[in-house]
There are 2 protein chains.
Amino acid sequence: MKQATRKSVSTRRGADGGNFDEIDRQILDLLQESDRPVATLAEEIGLSQTPCWRRIRKLEEAGVIRGRVTLVDPIEAGVGLTVFIAVTAPRHEISWLTRFRELIESIPEVVEAYRLTGSTDYILKVLVPDIQAYDEVYKSMIERLDFSQISASIAMEELKFTTAVPTAYL
Amino acid sequence: MKQATRKSVSTRRGADGGNFDEIDRQILDLLQESDRPVATLAEEIGLSQTPCWRRIRKLEEAGVIRGRVTLVDPIEAGVGLTVFIAVTAPRHEISWLTRFRELIESIPEVVEAYRLTGSTDYILKVLVPDIQAYDEVYKSMIERLDFSQISASIAMEELKFTTAVPTAYL
DNA sequence: GTTGAAAATTCCCAATG
DNA sequence: CATTGGGAATTTTCAAC
């Protein structure tokens, strides 16, 4: 699965019947926490295996389930430092945005990037081993594209991180 | 798997032998992109099934692999709007931090939270259906805890989002 | 929705070179 | 590291209720 990018962050839901219920939410909540055999899942939600499996399949077909991935521990992977970079574009041209997009796509240390409202044009989340490595990322960015402003904030502590999306609005 | 929190964002790697090589990185890169059968993975990296399986097992035991999860599409889940909240604490007490921690932990819409260097004390990433829903989250926060400052930035576009951690520093 | 179960696949771990 | 083999577990699908 290509972990691609959503074109528009705010888009209304696709034309699914939208017919998902509380049980589907339970299924998603559990599977987002950790993958497990259908039999186990079925027992946890008090359902038998077959309908449970059918629901999962339906959620996959509807595109609600995007895929299954392995999560790597950043600390163990040697990238225990999270840095947020606030970026201001030098000019508001589509060509600059295109090159910016290619730039961040090519840097594995950049794990998230958003265009924002307000004075800061973009925010990037970067995973690196230490400040020195961050500086390398910084330098590789400014040597490949021009910026009006770049300012870094170091994350001193991670209070919460989850890949689990809220299911209350499904 | 409890998607818990890392106590310190910057911590040196644990006392693994650290003996991971380029093949291990390839394995992680592929599994972070998408889970697949060991047989498939083995073929992709040009290895036979058994040693490939052994490497995965070793990566799990070393804690490099944190778990396997299902990813849900935010758009399909009805939370296509990403909002970043910059928070300033009213006072720097451990009791406030404790309550803040409990607060964000109890709000599923808050998917990430970090304590930062600089003038902004904390940054939160929130997933909601729309501005109205964001306002609900905002109100539920200020009614349960006091803040010195809260300012929201709307994500107009998601340029990059990946759960894949860089493996170059493993 | 349920139970029960067969068929195909995948996982896990030997034995051997 | 490779190959082969095979039992256990899981997934997937299908009946019948």
Side-chain angles (χ1 to χ4, degrees), chain A residues 1-3 16-73 76-77 163-165 167-168 170, chain B residues 1-3 14 16-73 76-77 163-165 167-170:
Chain A
M1 178 197 47
K2 188 78 178 304
Q3 282 196 35
D16 21 280
N19 38 9
F20 295 111
D21 62 10
E22 192 51 46
I23 298 177
D24 293 310
R25 265 172 228 122
Q26 279 185 56
I27 291 175
L28 288 177
D29 287 343
L30 289 169
L31 291 182
Q32 283 194 108
E33 187 197 296
S34 179
D35 277 342
R36 63 202 74 188
V38 181
T40 308
L41 178 65
E43 202 203 358
E44 285 176 305
I45 62 176
L47 211 62
S48 59
Q49 199 173 125
T50 306
C52 186
W53 178 83
R54 265 199 296 260
R55 281 169 182 269
I56 295 172
R57 201 158 203 325
K58 200 174 166 195
L59 287 162
E60 281 167 346
E61 281 164 0
V64 175
I65 289 179
R66 206 214 302 193
R68 321 278 182 116
V69 299
T70 294
L71 296 183
V72 167
D73 188 307
E76 295 300 322
T163 56
V165 156
T167 53
L170 183 70
Chain B
M1 177 198 46
K2 188 78 179 304
Q3 282 197 38
D16 24 278
N19 36 10
F20 295 111
D21 61 12
E22 191 51 46
I23 297 176
D24 293 309
R25 265 173 228 120
Q26 278 184 58
I27 290 174
L28 289 177
D29 288 344
L30 289 169
L31 291 182
Q32 283 194 106
E33 189 197 292
S34 179
D35 277 343
R36 64 204 75 190
V38 180
T40 308
L41 178 66
E43 202 202 359
E44 286 175 305
I45 64 175
L47 211 63
S48 59
Q49 199 174 127
T50 306
C52 186
W53 177 82
R54 264 199 295 261
R55 282 170 182 269
I56 294 172
R57 194 164 201 299
K58 200 173 164 193
L59 287 162
E60 281 167 346
E61 281 165 0
V64 175
I65 290 178
R66 208 218 297 200
R68 322 280 183 113
V69 299
T70 295
L71 296 183
V72 167
D73 187 307
E76 296 300 324
T163 55
V165 155
T167 53
Y169 309 97
L170 183 72

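What's counted below: heavy atoms across the whole structure, side chains too, no hydrogens, waters or symmetry copies. Computed from a predicted model, the values in this text were never measured in an experiment. In the text below, chain A, chain B and the rest are named by the order of the sequence lines, each starting its count at 1.
Considering CG of B:Asp35 and OG1 of B:Thr70, their distance stands at 9.0 Å, rounded to 0.5 Å.
Here the C1' atom of nucleotide C:dT10 and the CG atom of B:Asp35 are 13 Å apart, to the nearest Å. One can place CG of B:Leu31 at 10 Å from P of C:dC11, the figure rounded to the nearest angstrom.
Within the 4.5 Å cutoff, the side chain of A:Thr163 has no heavy atoms near those of the A:Val69 side chain. Annotation: side chain of A:Val72 is not in contact with side chain of B:Thr167 (no heavy-atom distance under 4.5 Å). Looking at A:Asp21 and A:Arg55, their side chains come closer than 4.5 Å, going by heavy atoms from C-beta outward. Annotation: side chain of B:Lys58 is not in contact with side chain of B:Asp24 (no heavy-atom distance under 4.5 Å). When side chains are defined from C-beta on, A:Leu59 does not count as touching A:Leu31, because their heavy atoms never get closer than 4.5 Å.
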Grab the N/O contacts between the protein and nucleotides 12-14 of chain C below 3.5 Å, and write none if there aren't any.
| from | atom 1 | to | atom 2 | distance (Å) |
| --- | --- | --- | --- | --- |
| C:dC12 | OP2 | B:Trp53 | NE1 | 2.8 |
| C:dC13 | OP2 | B:Arg57 | NE | 3.2 |

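A salt bridge links B:Glu22 to B:Arg25: at least one charged side-chain nitrogen sits closer than 4.0 Å to a carboxylate oxygen.
In 5' to 3' order, the nucleotides of DNA chain D bounding all contacts with chain B (an atom under 4.0 Å from a heavy atom) are D:dC1 to D:dT4.
The environment of B:Glu43 atom CD is sparse: at most 12 non-hydrogen atoms of other residues, nucleotides or ligands sit within 6.0 angstrom.
Residue A:Pro51 is classed as a base contact, given a heavy-atom separation below 4.0 Å to a base.
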